[in-house]
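No experiment lies behind these values; they were computed from the predicted model shown. A note on names: the letters A, B, ... follow the listed sequences, proteins ahead of strands, and every chain is numbered from 1.
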Amino acid sequence: MSKSFAGKVAVIQFPGVNCEYETVAAARSVGLEAELFRWNLDPGLLEESLAVVLPGGFSYQDRIRAGVVAAKDHIMDKLSQLASTGRPLLGICNGAQVLVESGFIPGLHWERVDLALAPNVMADREGYYCNWVHLRNERSPCAWTSSFREEEVIPVPIAHAEGRFVTDDTGMLEQIKKNGQIALRYCTSSGLVDPAFPVNPNGSMENIAGVCNREGNVLALMPHPERATWLRQVPEDLEGEWGRKRKAAAGRNDRMEDEGPGRRFFASLLSGKGAALPGKGSAGGISLLAEKEGRE
Amino acid sequence: MKFWVELWVRLKVVDLVQQTAWMTLTEKLDFNRFLCGLARYSYWGMEVEGLDREGVVREVDRVIRMDSAFTNQNKHFYRLMVRGADAAAAEKIEERGNLNLDRDFPVVPGSGGNNGPIHACDLLIREQGGERENGFTARLQTRLPGVTVRGMKAGEVWRILVRSKDKEEAVRLVEEMAVTRSRREGLLLNPHYQRHEIMRTTDLNVSKEWEG
């Protein structure tokens, strides 16, 4: 008998992803029910899910181009239907690449590919880059960042070779800025948006780290919040408040299980804008839109 | 003297990227009626200046065989071609390597259900910005005494074999397969950071020996 995903966060396991277990654990850390969902299960099982997450890794070994083969998968038909009717959908790193190659992000013309996540452009190096970065939470309709204050600085790790948000359509870029769809920008530990490496670690236009769709229920996020869910995951030498917290907790195992800076991406599903309570089924996502309409 | 140098490199072993592209194009994007062969190469094309053709061929061949940024003899076939840059001298081509490009048309038996004639398109995909190409230019230049590298095109060539009524239709089909415009259209390049050009279209029906 097939497992029910009603009221749960479904973490899609494409062949080649490698962050799915951490992502399930991160969602569970805030009290959500979360389960892995193999890409070749019946997509209809997602109908009553609370939210869907595409985790990081290398779906289809990044063959041809990161995220593009998964973007053509049958399961994306279902995700397209769910996301276009308001279901929360988060793509982390490789998941973000899948969302961009699917045309769900920026989603101004649904399923049209208006962006790319191109190879990193960095000073004096090329290829894969892995480090902790800082993000500034921008004013946006994004459901996945609704637990953060506006302009709050969030440290999280990145780990990618193709994370540079680019487009050759400058009009479209202006439109997503105007719509407030740039949910997160790379910044310094004090919140300054500096386009130079390493603050902008990959050369992204506008220092983009995360873009949501116009409605705010879909977010393509290059950094990894699931790797910043517990305080123990934060490096002691990290600049700013979180580094100081981690240093203060050194040697105290009980404190290591405290909240990390990335946990609130998942907690956002439980807060006002992101609230799509278990048991509400497919209507849950629609509450996001209702909330947004209320704000406007 | 100026010369135009081309280097084509292909894996000796099964190319899993090519196989994934084949599966995606035929099973997820419905090109099974047209697609009947697919091969993938790394490609470098560059204008170089050197004293004589013989010296250019010898030096470039030495470097690309030794530098794994270009070829690894354990896993790659390659073809190096050097011709004069001006029209009069372009006829004569010096070649090196173990890849026979003129016979490398991997028609899959029984594929391409529309039974039309077969055309092969060589599609070059390059990244915008030229950072990668500048890197290869600098890398070659430091290893090629007496030869000046002036311009570089580096990227990936997909040799795409389609059944189509003529070359024009073949080019149209290849661009539909290649350029990702939406979730349901195109696979091989994202036009927001990559560019493509059709380098050559070959009518394979003049010689049936490739089929099967």
Side-chain angles (χ1 to χ4, degrees), chain A residues 15-16 59-77 79-80 83-84 97-107 109-127 162-170 172-173 202-205, chain B residues 11 14-32 35 38-42 69 123 125-139 154-158 160 176-196:
Chain A
S59 61
Y60 294 93
Q61 212 180 39
D62 277 359
R63 292 178 192 173
I64 305 169
R65 194 169 65 254
V68 72
V69 179
K72 311 294 186 195
D73 249 329
H74 178 49
I75 192 174
M76 297 307 289
D77 291 340
L79 297 191
S80 177
S84 63
Q97 293 161 338
V98 175
L99 294 181
V100 164
E101 291 287 351
S102 300
F104 296 1
I105 292 295
H109 309 91
W110 193 247
E111 295 197 354
R112 192 175 87 178
V113 175
D114 279 332
L115 279 176
L117 279 159
N120 299 346
V121 171
M122 302 173 283
D124 300 324
R125 59 182 295 162
E126 61 180 35
E162 294 91 13
R164 179 168 52 103
F165 280 98
V166 289
T167 179
D168 66 357
D169 183 347
T170 50
M172 193 280 304
L173 185 63
N202 50 37
S204 274
M205 284 178 163
Chain B
L11 282 172
V14 173
D15 182 351
L16 296 176
V17 174
Q18 174 270 337
Q19 294 219 331
T20 303
W22 172 272
M23 295 291 283
T24 309
L25 288 167
T26 56
E27 295 190 4
K28 295 179 183 172
L29 294 177
D30 292 335
F31 282 104
N32 49 325
L35 187 64
L38 195 60
R40 188 176 67 108
Y41 310 86
S42 298
L123 175 89
I125 299 173
R126 301 161 66 197
E127 283 178 23
Q128 289 177 30
E131 288 91 355
R132 201 162 163 262
E133 290 165 342
N134 292 341
F136 281 124
T137 301
R139 192 176 181 106
E156 195 167 60
V157 173
W158 289 87
I160 304 174
E176 278 179 24
M177 288 182 203
V179 184
T180 307
R181 302 203 184 281
S182 76
R183 190 166 76 80
R184 295 161 205 275
E185 295 172 285
L187 178 69
L188 304 178
L189 70 111
N190 184 319
H192 292 282
Y193 79 100
Q194 292 171 308
R195 290 285 175 261
H196 74 281

* To do: Compute both the distance and the angle, then confirm whether B:Lys28 meets the cation-pi test with A:Tyr60: under 6.0 Å from the six-membered ring centre, within 45 degrees of the axis.
  => yes
* Structure fact -> When the 4.5 angstrom heavy-atom criterion is applied to B:Ile125 and chain A, the contacting part is neither
* Asked: Taking the side chain as C-beta and beyond, is there a heavy-atom pair between A:Asp168 and B:Arg195 under 4.5 Å?
  -> yes
* In Å and rounded to the nearest 0.5 Å, what is the NZ to OG1 distance from A:Lys72 to B:Thr180? -> 5.0 Å
* **Spacing of B:Arg183 atom CZ and A:Asp73 atom CG [to the nearest 0.5 Å]** => 9.5 Å
* Side-chain donor-acceptor pair under 3.5 Å between B:Thr24 and A:Arg63, yes or no? -> no
* To do: Report the option among B:Gln194, B:Glu185, B:Arg181 that has the most heavy-atom pairs separated by less than 4.5 Å from atoms of chain A.
  => B:Arg181
* Structure fact -> Turns out that what part of A:Arg65 lies under 4.5 Å from chain B's heavy atoms comes down to side chain
* Set of residues satisfying ring pair (Phe, Tyr, Trp, His ring centres under 6.0 Å) with respect to A:Phe165, sequence neighbours excluded -> none
* Could you grab the distance from atom OG1 of A:Thr167 to atom NE2 of B:His192, nearest 0.5 Å is fine? => 4.5 Å
* To do: Answer yes or no: does atom CD of B:Gln128 have more than 12 heavy-atom neighbours from other residues, nucleotides or ligands under 6.0 Å?
  => yes
* Asked: Checking A:His109 side chain against B:Ser182 main chain: does a donor-acceptor pair fall under 3.5 Å?
  -> no
* To do: Just give me the residue among A:Val68, A:Asp77, A:Asp62 that pairs up with chain B most often, heavy atom to heavy atom, under 4.5 Å.
  => A:Asp77
* What distance separates B:Glu27 CD from A:His74 NE2, expressed to the nearest 0.5 Å? -> 13.0 Å
* Asked: Are any side-chain N or O atoms of B:Asn190 and backbone N or O atoms of A:Leu115, one a donor and one an acceptor, separated by less than 3.5 Å?
  -> yes
